[in-house]
Each structure stands twice: as C-alpha cells, then as structure tokens.
Amino acid sequence: MKNIQLIGLLLVVAGSFLPLIHVPVIGNWNYWKLDHSLAIMCWVLSAAVLFGIVNNSVKVTRISAILLVFLFLFTLFAVKFQASQYFSFMPFKSWQDKLAGIVKLQWGWIVEFLGAFIIIFAKNNNVKS
C-alpha cells in the first residue's frame with residue numbers, strides 16, 4: 001500500500017508543475033502560475049498525505065487525499081469562473097462565452113486527479129498478527 005500511495009503522491013506533486021491551463025499568447029500555466037496560495041495548499045495537503053503514509057495512518061492519508069480532490073475541483077471551478085468574469089465588459093453574453101472559451105484545460109489535471117485517486121483507493125494491506 002505504501003508504495004502505491006507514494007506513487008500517487010509523486011503524481012500529485014509532479015502534477016503541480018505540469019501544464020494545467022493554456023492561455024493563448026501567454027502560454028501554459030501550472031499551479032504556481034495560477035495562484036501561489038492554491039499551490040501552497042496543494043503542497044501542504046501533499047505533506048499531510050506523506051505524514052499519513054509514513055505513520056501508517058490510513059485515515060489521515062485518505063482525508064488529505066479527499067481534500068486534495070476538493071482543492072482540484074475548486075481550482076477548476078475558479079479558473080472557469082475567473083475566465084468568464086474577466087470578459088464581463090463585453091456587451092453580449094455570447095461574446096463573453098466565446099472569449100472565456102479560449103482558456104483551455106491541459107493534460108496536467110489528469111495527472112493530478114489520478115494521483116489523488118490512487119492515494120484514496122489504494123488497498124490497506126496491513127496484516128495484524
């Protein structure tokens with residue numbers, strides 16, 4: 001269980017440096033370019049997962065991983081909301097939607113969610129004798 005969860009943790013940490021959002025002209029953004037406080041929260045929760053793995057605390061590990069999933073979902077919602085609000089000065093809603101649609105999600109989210117779900121769903125192989 002520990003090895004699989006450590007692989008999931010490695011995916012989450014590595015995913016924070018992968019491209020998450022593509023903004024035309026500006027380029028790809030990772031968690032650190034999106035928002036420093038969200039990136040710090042991601043790393044703090046990753047540290048809590050590591051603490052749970054090292055101390056064989058399944059409860060701490062899973063709760064931290066679930067909080068990571070909620071953080072990722074919140075970030076996705078915030079990015080889409082911010083993109084739509086950024087173009088609110090446009091006179092027509094269709095123009096706002098069209099311009100907000102140029103901000104695209106990248107493949108780094110797959111790595112982030114995959115790592116968190118691996119941590120959550122790893123089997124507990126502790127055998128008590």
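Throughout, residue positions are numbered sequentially from 1 according to the sequence presented.
Neither side chain, Asn55 nor Ser57, offers a donor N or O lying under 3.5 Å from an acceptor on the other.
Remark: Leu18 CG to Leu20 CG distance equals 7.0 Å, nearest 0.5 Å. A distance of 9.5 Å separates CH2 in Trp107 from CG in Asn28, rounded to the nearest 0.5 Å. Between atom CD of residue Gln106 and atom NE2 of residue His22 there is a gap of 6.5 Å, rounded to the nearest 0.5 Å.
A ring-centre distance under 6.0 Å is found for Phe17 and Trp43.
By the rule that hydrophobic residues join a cluster once side-chain heavy atoms approach within less than 4.5 Å of another member, Trp32 and Leu76 end up as members of one cluster. Both Leu73 and Ile40 belong to a common hydrophobic cluster when Ile, Leu, Val, Met, Phe, Trp and Tyr are linked at side-chain heavy-atom distances under 4.5 angstrom. Note: the hydrophobic cluster containing Leu71 also contains Ile21 (ILVMFWY, side chain heavy atoms under 4.5 Å, direct or indirect links). There is no path of hydrophobic side-chain contacts, each under 4.5 Å, that joins Ile66 to Val60.
No side-chain heavy atom of Leu68 sits less than 4.5 Å from a side-chain heavy atom of Ser64. Using a 4.5 Å heavy-atom cutoff, the side chains of Leu38 and Tyr31 are in contact. With a 4.5 Å cut-off on side-chain heavy atoms, Thr75 and Leu34 count as touching. Two residues are said to be in side-chain contact when any heavy atoms from C-beta on lie closer than 4.5 Å; Leu9 and Gln5 fail this criterion.
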Output, in order, the C-alpha distance, side-chain angles, deciding distance and verdict of side-chain contact (heavy atoms from CB on, under 4.5 Å) for Lys2 and Asn56. CA-CA 8 Å; Lys2 280 187 175 185; Asn56 286 331; 2.8 Å; yes

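Considering only residues two or more places apart in sequence or on other chains, Asn30 meets the side chain to side chain donor-acceptor pair (under 3.5 Å) condition with none of them.
Annotation for Ile110: atom CD1 does not count as buried by contact number, only 12 or fewer foreign heavy atoms lying within 6.0 Å.
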Please table the atom pairs, donor to acceptor, closer than 3.5 Å between any side-chain atom in residues 111-122 and protein atoms at least two apart or in another chain.
from, atom 1, to, atom 2, distance (Å)
Glu112, OE2, Ser16, N, 2.8

Show me the donor-acceptor pairs within less than 3.5 Å that the side chains of residues 44-54 make with the rest of the protein, sequence neighbours left out.
from, atom 1, to, atom 2, distance (Å)
Ser46, OG, Cys42, O, 2.8

